[in-house]
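Heads up, the thing below is written out as C-alpha cells.
Treat the numbers as computed from the prediction; the structure is a model and nothing was measured. Positions are given from 1, in the same order as the sequence printed here.
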Amino acid sequence: MPNFEKLNRLQKEQERSQQQESVENLMALPLQLAGSLDLSDVETRAQSLDFDQLIATVQQAQQIQQRGSAQIGAFIGTLLLRAQALSPHGDFLSWLETAVPGISRRTAYNYMDLARYWEDLHLGEKFATVANFSLRDAYSAIADHKRQQKQALPLPKVEVVPRPFFQEPRRLTALSRGLQSILESAEPQTREEQAILRQMSELLERVNRLRDRL
C-alpha cells in the first residue's frame, strides 16, 4: 500500500523548493546592473508567485535598494503591481506601508510609476547608458512626461447658458407644478416625511414669488 501521507509531504516539499527557486531566480534579476532590466521577464516570472511570495520578494529587494537604483525601483514596482492585483486587502497601499518597512505609500506609487513608464520613456536604456542615472532622475523624467501629457489635453468645451435657470419663467412654472403635484399626492407617515413636505411647501411658495416677479 502506498504511503499517501509521505507522498503528500514530499509533493509539498517539492512545491516549496520550486517556489523558493522561483523567488531566487526573480531576485537575481535586479542585481544584473550592467544592463537594462527586462520588466516583461520580471512580470512573466512574477506570475508564478502568490501574494505572500511577491511581498517577501519585495522585502528582499527593498533591502538592496539602499543604493537608490532606478532599476531596482522599477523591479519592485512590477512586483507591487502584480501583488496589488492579487491583494486580499481592501486598501493595499495602506497595508503595504505597515507590512514592508521602508516603503511608504508615496514610495510605492513612485515604484509602480517606474514600472509603468520604464519601457515607454526608455528609462532602461538611460539606466544602462547614462552614468549615475538615479531614482530622482527617473522620477523627474516621469513627472515631465505627465506634465506634457496634461498640457497636450484639449480644454473642455464650456456650454454657455443664455439665461440662468431661475430667470426662465417657463422653467419656474414647470418646477412649481411638479412641487404642487407631489404635495397634493403625498401621504406622509412619519415625522421626517412631514418635515420634508413642509420644506417642499416653503420651496413652492418661494418659487411662485420668484416667478411672479419676472
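Ring pair F51/F92 is perpendicular by interplanar angle, where above 60° counts as perpendicular and below 30° as parallel.
In terms of modelled atom types and a separation under 3.5 Å, the side chain of S48 and the main chain of R45 share a donor-acceptor contact. Side-chain N or O atoms of S87 include none that pairs as donor or acceptor with a backbone N or O of A83 at under 3.5 Å. For the pair S181 (side chain) and G178 (backbone), a donor-acceptor distance under 3.5 Å is absent.
Side-chain contact between L114 and Q71 is absent, with no heavy atoms from C-beta onward closer than 4.5 Å. Contact check for Q62 versus I103: side-chain heavy atoms found under the 4.5 Å cut-off. Annotation: side chain of M112 is in contact with side chain of L93 (closest heavy-atom distance under 4.5 Å).
Atoms CG and CG, from L210 and L175 in turn, are 10.0 Å apart once rounded to the nearest 0.5 Å. Taken from CG in L79 to OH in Y111, the straight-line distance is 11.5 Å, to the nearest 0.5 Å. To the nearest 0.5 angstrom, I142 atom CD1 is 11.5 Å from D137 atom CG. The distance from the CG atom of L54 to the CD atom of Q47 is 9.0 Å, given to the nearest 0.5 Å. From Q151, atom CD reaches atom CD of Q149 across 11.0 Å, with rounding to the nearest 0.5 Å. We find the OG-CZ distance between S176 and R206 to be 14.0 Å, quoted to the nearest 0.5 Å.
The salt bridge (Lys or Arg N to Asp or Glu O under 4.0 Å) test applied to D144 returns R147, not counting sequence neighbours.
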Practice task
Decide yes or no on side-chain contact (heavy atoms from CB on, under 4.5 Å) for D91 and R105, but give the supporting numbers first.
Solution key: CA-CA 11 Å; D91 190 342; R105 177 186 290 263; 3.3 Å; yes
Exercise for the section: Might you work through the side-chain contact (heavy atoms from CB on, under 4.5 Å) test for I55 and W95, ending with a clear yes or no? Expected result: CA-CA 11 Å; I55 296 302; W95 172 86; 3.9 Å; yes
Practice task
Show your working on side chain to side chain donor-acceptor pair (under 3.5 Å) between T107 and S104 and close with a plain yes or no.
Solution key: CA-CA 5 Å; T107 299; S104 64; 3.0 Å; yes
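A salt bridge is absent between D212 and R209; no separation between the charged side-chain nitrogens and carboxylate oxygens falls under 4.0 Å. With salt bridges taken as basic N to acidic carboxylate O contacts below 4.0 Å, none links D50 and R82.
Of all non-hydrogen atoms in R116 and D120, the two that sit nearest each other are O-OD2, 4.1 Å. Shown here for I76 and A61, the closest heavy-atom pair between the two residues is CG1-CB, 3.7 Å. Between L81 and A115, the closest heavy-atom pair is CD1-CB, 3.9 Å.
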Contacts table for residues 191-199: side-chain donor-acceptor under 3.5 angstrom, sequence neighbours left out:
| residue | atom | partner | partner atom | Å |
| --- | --- | --- | --- | --- |
| E193 | OE1 | Q189 | N | 2.5 |
| E193 | OE1 | T190 | N | 3.3 |

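Of the N and O atoms on the side chains of Q63 and Q59, not one donor lies less than 3.5 Å from an acceptor on the other residue.
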